[in-house]
Amino acid sequence: MAKILITEFINQDSLNDLNRSFEIKFDEKLWEKKDELKEIIKDYDGLIVRNKTQVNKDILSNANNLKFIGRLGVGLDNIDTEFCKTKNIHVQPATGMNADSVAEYVISSSMSLIKKIPMFHHGTIKGDWPRTTIKSAEINGKCIGIVGFGTIGRKVADYSLKNGLNVLAYDPYIKKLEDNEKNYKLSTLEDVFKNADIISLHLPLTEETKNLINKTSFSKMQKQPIIINTSRGSVVNENDLVNAYDQNLISGFALDVFENEPIKKDLYERITSEINCILTPHISGVTTESNIRVSNFIVKKAIDFFK
């Protein structure tokens with residue numbers, strides 16, 4: 001019987017299904033115990049992780065029996081996929097399984113920030129009653145620029161269209177849209193900066209995308225857009241982002257991912273209750289429903305792989 005190691009949380013019913021087919025070790029805090037993980041990984045045929053477990057060369061060099069890595073999520077920047085190829089280890093992300101959750105986060109954050117709800121909230125609980133001093137708007141008829149048009153980006157576009165938004169899509173690897181995507185417009189990044197009221201980022205973290213949204217980018221944004229990042233923290237230069245808000249180059253931001261997680265003092269000390277922003281701890285893709293879908297998907301892939 002194959003042995004599988006799970007280092008982060010997983011849906012209980014999915015774990016029960018795994019237990020019927022494999023010998024399982026489950027420790028959702030094991031990602032913190034790097035020395036222990038490095039020592040015991042040699043005994044396992046499969047590994048299931050989320051985003052906190054750093055599956056790097058140091059760990060993989062000891063993984064003599066490892067054949068399968070299941071990622072309970074989408075991004076693979078915590079897994080050395082190139083080294084996995086040299087060891088013939090199959091890496092399986094849960095592509096698309098949390099797309100609805102992320103899309104809901106993007107749209108709900110867009111609505112909240114367009115309507116300045118964080119600012120109204122903080123003003124109200126302070127007793128200021130800012131009913132006329134803060135101006136809000138409607139999302140209907142606004143333009144969203146989606147940077148990165150993969151599975152999640154397309155889902156965000158679908159939700160956006162249903163909520164009355166016009167959609168600009170930018171992805172350097174997509175040259176034309178599908179026939180069923182004629183309501184969207186394939187755009188350049190410059191066009192997104194120029195025309196979007198909301199900019200939503202859906203990119204992997206690579207050398208190309210690191211700090212893609214920076215001081216220069218913000219200077220090109222003509223409509224004081226809202227910035228929403230649910231992809232990877234380092235895609236946005238956080239210091240430049242707060243500066244851009246202070247300089248009225250953007251009108252708000254929602255960050256679910258950060259360069260450092262948990263976030264560092266030098267960032268959160270700059271965030272005051274007067275800022276039109278939402279900060280959340282990497283939860284846009286983690287809901288009760290998406291956890292079930294993601295967990296079931298990876299469990300099925302593991303069972304199929306080891307048949």
Side-chain angles (χ1 to χ4, degrees), residues 6 8-15 17-18 46-53 55 68-79 81 84 89-110 144-163 165 167-184 186 199-206 209 228-233 235 254 256-257 280 282-305:
I6 306 168
E8 299 179 59
F9 71 91
I10 187 172
N11 177 55
Q12 184 61 50
D13 289 340
S14 305
L15 183 61
D17 289 341
L18 273 178
L47 174 67
I48 295 177
V49 304
R50 286 189 182 265
N51 67 303
K52 291 180 178 178
T53 310
V55 191
F68 175 91
I69 300 174
R71 165 72 166 91
L72 296 166
V74 180
L76 297 176
D77 47 286
N78 62 313
I79 300 172
T81 54
C84 286
I89 299 169
H90 176 70
V91 179
Q92 178 64 63
T95 305
M97 294 298 105
N98 63 359
D100 282 293
S101 298
V102 176
E104 287 186 2
Y105 180 97
V106 171
I107 296 302
S108 60
S109 295
S110 298
I144 185 169
I146 299 172
V147 181
F149 209 58
T151 302
I152 293 177
R154 283 180 157 93
K155 183 65 73 171
V156 171
D158 183 43
Y159 272 67
S160 298
L161 201 66
K162 290 174 183 176
N163 283 277
L165 285 158
V167 176
L168 297 178
Y170 167 73
D171 193 308
Y173 300 102
I174 295 176
K175 302 307 177 188
K176 61 178 290 188
L177 296 175
E178 304 295 332
D179 290 340
N180 63 342
E181 296 174 332
K182 290 180 179 176
N183 290 317
Y184 316 142
L186 201 59
I199 298 175
S200 187
L201 306 169
H202 303 280
L203 301 164
L205 180 60
T206 66
T209 64
I228 302 178
N229 189 15
T230 56
S231 57
R232 286 295 177 264
V235 169
D256 185 53
V257 288
T280 50
H282 205 144
I283 51 77
S284 64
V286 183
T287 60
T288 300
E289 295 85 354
S290 72
N291 184 38
I292 292 170
R293 288 194 300 270
V294 163
S295 299
N296 285 346
F297 180 87
I298 292 299
V299 166
K300 183 178 185 304
K301 291 293 184 181
I303 291 171
D304 290 345
F305 182 86

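These figures come from a predicted structure and were not determined experimentally.
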* **Candidate pair I228 and I199, rule side-chain contact (heavy atoms from CB on, under 4.5 Å), full reasoning** => CA-CA 6 Å; I228 302 178; I199 298 175; over 6 Å; no
* Would you please say whether a donor-acceptor pair under 3.5 Å links the side chains of N11 and S295? => no
* Structure fact -> Residue set satisfying salt bridge (Lys or Arg N to Asp or Glu O under 4.0 Å) with D17, at least two apart, ordered chain then number -> R20
* Do D100 and Y159 have side-chain heavy atoms sitting under 4.5 Å apart? -> yes
* Got I146 and L168 here, is their nearest side-chain heavy-atom distance under 4.5 Å? -> no
* Can you tell me if T287 uses its side chain to pair, donor with acceptor, with the backbone of S290 under 3.5 Å? -> yes
* Is it true that the side chains of S200 and H202 contain a donor and an acceptor less than 3.5 Å apart? -> yes
* Name all residues meeting the ring pair (Phe, Tyr, Trp, His ring centres under 6.0 Å) criterion together with Y105; count only those two or more places apart in sequence or in a different chain, and write none if there are none. => none
* Please check if any side-chain donor atom of N296 sits under 3.5 Å from a side-chain acceptor atom of S14, or the reverse. => yes
* Atom of G73, atom of V294 and distance for their closest heavy-atom approach -> N-CG1, 3.8 Å
* Asked: How about E289 and S101: does a side-chain donor come under 3.5 Å of a side-chain acceptor?
  -> no
* Begin from the C-alpha positions of L15 and I6 and carry the test side-chain contact (heavy atoms from CB on, under 4.5 Å) through to its verdict. => CA-CA 9 Å; L15 183 61; I6 306 168; 3.5 Å; yes
* Asked: What distance do I89 atom CD1 and C84 atom SG have between them, rounded to the nearest 0.5 Å?
  -> 4.5 Å
* **Any side-chain heavy-atom pair of I79 and I69 under 4.5 Å** => yes
* **Inter-residue atom distance H282.NE2 - T230.OG1, 0.5 Å rounding** => 8.5 Å
* **Side-chain heavy-atom pair R293, N98 within 4.5 angstrom cut-off** => no
* Quick one: does K175's side chain have a donor or acceptor within less than 3.5 Å of a partner on P172's backbone? -> yes
* Is a donor on one side and an acceptor on the other found under 3.5 Å between the side chain of E8 and the backbone of R50? -> yes
* Structure fact -> Nearest heavy-atom contact between T209 and P204 is OG1-O, 2.7 Å
* Would you say the side chain of F305 lies within less than 4.5 Å of the side chain of Q92, judging by non-hydrogen atoms? -> no
* About how many Å separate CG of N291 and CD1 of I10, when rounded to the nearest 0.5 Å? -> 8.0 Å
* Kindly indicate whether the side chain of N51, heavy atoms from C-beta on, has any atom under 4.5 Å from the side chain of R71. => yes
* Taking it one step at a time, do L18 and I48 satisfy side-chain contact (heavy atoms from CB on, under 4.5 Å)? -> CA-CA 11 Å; L18 273 178; I48 295 177; 3.8 Å; yes
What donor-acceptor contacts under 3.5 angstrom involve side-chain atoms of residues 148-158, with partners at least two apart or in another chain?
residue : atom : partner : partner atom : Å
R154    : NE   : E181    : OE2          : 2.6
R154    : NH1  : F149    : O            : 2.6
D158    : OD2  : K162    : NZ           : 3.3

* Does the pair L186 and I174 meet the rule for a side-chain contact (heavy atoms from CB on, under 4.5 Å), with working shown? -> CA-CA 8 Å; L186 201 59; I174 295 176; 4.2 Å; yes
* Between V91 and L76, is any pair of side-chain heavy atoms under 4.5 Å apart? -> yes
* To do: Give me the one residue out of S109, S284, S231 that meets side chain to side chain donor-acceptor pair (under 3.5 Å) with D256.
  => S284
* To do: Report yes if the side chains of Y184 and L161 come closer than 4.5 Å at any heavy-atom pair, otherwise no.
  => yes
